Amino acid sequence: MDLWHLLFTLALICANDSLSADDDLLQWPQISKCRSPEMETFSCFWTAGNLYNLTVPRILQLLYKKSNEEDWKECPDYVTSGQNSCYFNASYTSVWTPYCVQLASKNEVYDKKCFSVDEIVLPDPPVHLNWTLLNTSQTGIHGDIQVRWDPPPTADVRKGWITLEYELQYKEVNETKWKELKPRLSTMVPLYSLKTARDYEIRIRSRQRTSEKFGEFSEILYVSFSQIGIGCDHCTEEVEFPWFLVLVFGVCGLAVTVISVMLSKQPRLKMLIFPPVPVPKIKGIDPDLLKKGKLDEVNSILACHDNYKTQLYSDDLWVEFIELDIEDPDEKNRASDTDRLLSEDHLKSHSSLGAKDDDSGRASCCEPDIPETDFSASDTCDATSDSDQFKKAAEKEEDLLCLDRQDNDESLPSLANTDLQRQHRNTQSENSHPWAPFGNSVESPHLSVHTQVSNQNSLASTDFYAQVSDITPAGRVVLSPGQKSKLGRAQREGCTEQNFTMDNTYFCEADVKKCIAVTSHEENEPHVQEQGYNEDAYFTTESLTTTVANLGASTAAPPSSEMPVADYTSIHIVQSPQGLVLNATALPVPDKEFNVSCGYVSTDQLNKIMP
Amino acid sequence: PRPDAAAFSAEAVAALALLWLLVCAPGDAGCHPLTVADLFDRVIRHSGRIHSLSTALYEKHFPSRDNELGRPARKCHTSGMLTPNGKEYAQKIPREELTQVILKLLQAWKEPLSHFNQHIEHHQELPDDSLSKAKQISNMVHELKTGVEKVTEKMQSMGIISNSLNGMASSEGTGLSISNEANMMSDSDFIHCFRRDSNKVQSYLKILKCRIMPENSC
């Protein structure tokens, strides 16, 4: 018998060897999983592998050991959980105790696992699934149902020993993909909007609340509406909302409406729906002109602007031209600018040049191209005459002032404008009229009031821009001396060297004085003596830095605080391009405080000096 | 790891804070005293959040290695404590004892958690979100302990359990020695042990509640 046994075994071995030498398929016995359905008992399952014991069938044993024990014990129950399993009942189970189990035969250990019972909880599936109809839609196409189930019987949820979460999945019968609901604690869940014409399948699985793994799925629950008699056999396929049509018609309608509105002659309607975007524009002025500094053109355009028409006429002195006789030292010594300006004789003598109270010049204003050669007789557009001057004088017209040169460096150009703009907006709109267009264009060079300096003697030098530096709260325009654009490059360069300490709106006067001093050296223009600022008949505000044009070389004296400060004059009326009406009252000479402070003069300070 | 664990904890803090606001002496005007059932619900929820948080922390950094060829059984510093290891035991022991076990467990973790916080801060082994989780855990445990104490007081005042919970003084002493052991554990062991003990606390609380109030959704 033994011999036969042996022969048989040998034959098997040979057969095995010949048939397959495939050792890869050899599977060792291993523990597949250990599971506790309710945290009171647990079972371990293993696979025997295909390692047949050729001689003697090996007996696989499951040994276990608790953490605080030394000996391995054998599984108490191989039967209850089925084939290749070991069942530990409640008496053998300690929940939070680490266990180790190993699969072994007599001599060999095939697999080992360590765990604690609370980690391997995988609940049984829920039982007693059923569903009830909640309601159906009016058309009967859709219906809501409520699905109910019971927790697995093994899990003792009643005593609170274990808390379960449930996940429900459902799908139509002929679909492949299951829809999932979020895990929830309750044992009932509504399903909304199921199609009554279709049948559904539902399945549920559970897991312990604090774990990640789900147990097995329950049995599938079939939902069929026709069974309870509300199946909608004659229902057609549901009509989906015709989104596409709605969209198309909506777009068409909207387009038609828009087109009709645009084409409609009703300006009001048009305005209502397409309100005009206010664009700050000077009619007829191309901002590019301002950028490029084509001042003559700009001036001519500006001169023709309606806003130039003055709105204020008063008995106050009306100055058409502000003349400078810069070459006449006597004249300078004689009177300050203010005096000159304010004295009627003086003015009249100058205004004779152009103080015609007619519109003769105005008509020609609107032709900016017309050059005006006769400067003195010009009651015409300042722009044109000035343009002449400029054309004669300067090659580079970009730089109105030394400050212009600083445009790139500092925000000077905007200072007067913005300041002016602000003042305008804040104070009187009337006076701000002429300046409003300027103020809007930040890039434009300084807002210059064209003051006709009709000093015939000083040809080129008689053209001056007076920069409006400030508007007093009283509504007066305060000018600052402008610089001719005729200033040469050197002047500009000189100015650029300066380190202008400036804040947004004001320059340090001292710095400007330096600039002036520097530039004055290179000034090739007719000599302009410096006498403070008076000579140029500019209206300077102390705080504003301006490069005074035509400062002669004689004024090479470094600007100092001792330089007499020019008087302030405010413009009372702006009379078209013809000139300015200056306020009669002279402003007091600014105090030393202005001289000293290299900052700006605040409006308060200004107000102090202004009447 | 549960992404909403952090949300849980934030929620828990708020809930527990609310809890303490509302627990007031009878007779206070405008005060709505909570029933014992409510208190229990809250502490149970809180303990559940703690467990979720610790599970998330554990699984993120020390992923479960079920198939490892055995690993040495972890020695937790609370292993020496006598705690019911099964449902029947938990149901059999007196309520006072069960309550005391819960409190002892919570007490035993108080110190080690604070040490753990300091330890991980300095060693930077965990990323920031885990760091915040770990800090949350120690706060929550402290709150839970306070909560359970309040519940205990309430139960004692209502006569549900006797006033024989005077063993706390002794447990304080043992707690100190126990916590010294805790400092020797590695991080993964620490979190694993804590996770286990938080599950214990949660289960005990649930059992206790259903023993005291069997009708309330038990």
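Scope of the values below: all heavy atoms of this structure, side chains included, with no hydrogens, waters or symmetry mates. Given the structure is predicted, the values throughout are model-derived calculations rather than measurements. Order of the sequence lines sets the chain letters (A, B, ...), proteins ahead of strands, with each chain counted from 1.
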Would you say [X] has more than 12 foreign heavy atoms packed within less than 6.0 Å of its [atom1]?
X	atom1	result
A:E219	CD	no
A:Q146	CD	yes
B:Y89	OH	no

Problem - Gap separating the CZ atom of B:R211 from the NZ atom of A:K159, nearest 0.5 angstrom - result: 11.0 Å
Handout entry: Interatomic distance, A:D118 atom CG to B:H51 atom NE2 [nearest 0.5 angstrom]
Key = 7.0 Å
Practice task
For A:L185, enumerate each residue passing the side-chain contact (heavy atoms from CB on, under 4.5 Å) test, keeping only those at least two apart in sequence or located in another chain.
Solution key: A:T163, A:E165, A:R209
Exercise for the section: For A:E201, check side-chain contact (heavy atoms from CB on, under 4.5 Å) against everything at least two apart and list the hits. Expected result: A:K171, A:V173, A:W178, A:I220, A:Y222
Completion exercise
Nearest heavy-atom contact between A:W96 and B:S203 is CZ2-OG, 3.5 Å
Fill in the blank from the handout: What one should report as the nearest heavy-atom pair of B:E88 and A:A90 is OE2-CB, 4.1 Å
Exercise for the section: Below 4.5 Å from any heavy atom of chain B, which atoms of A:S94 appear? Answer side chain, backbone, both or neither. Expected result: both
Exercise for the section: Answer whether the closest heavy-atom distance between the side chains of A:E38 and B:K87 falls below 4.5 Å. Expected result: no
Practice task
With a 4.5 angstrom heavy-atom cut-off, could you sort out which part of B:Y204 is near chain A: side chain, backbone, both or neither?
Solution key: side chain
Handout entry: Stepwise side-chain contact (heavy atoms from CB on, under 4.5 Å) test for B:R196 and A:E119
Key = CA-CA 9 Å; B:R196 191 196 69 168; A:E119 293 168 355; over 6 Å; no
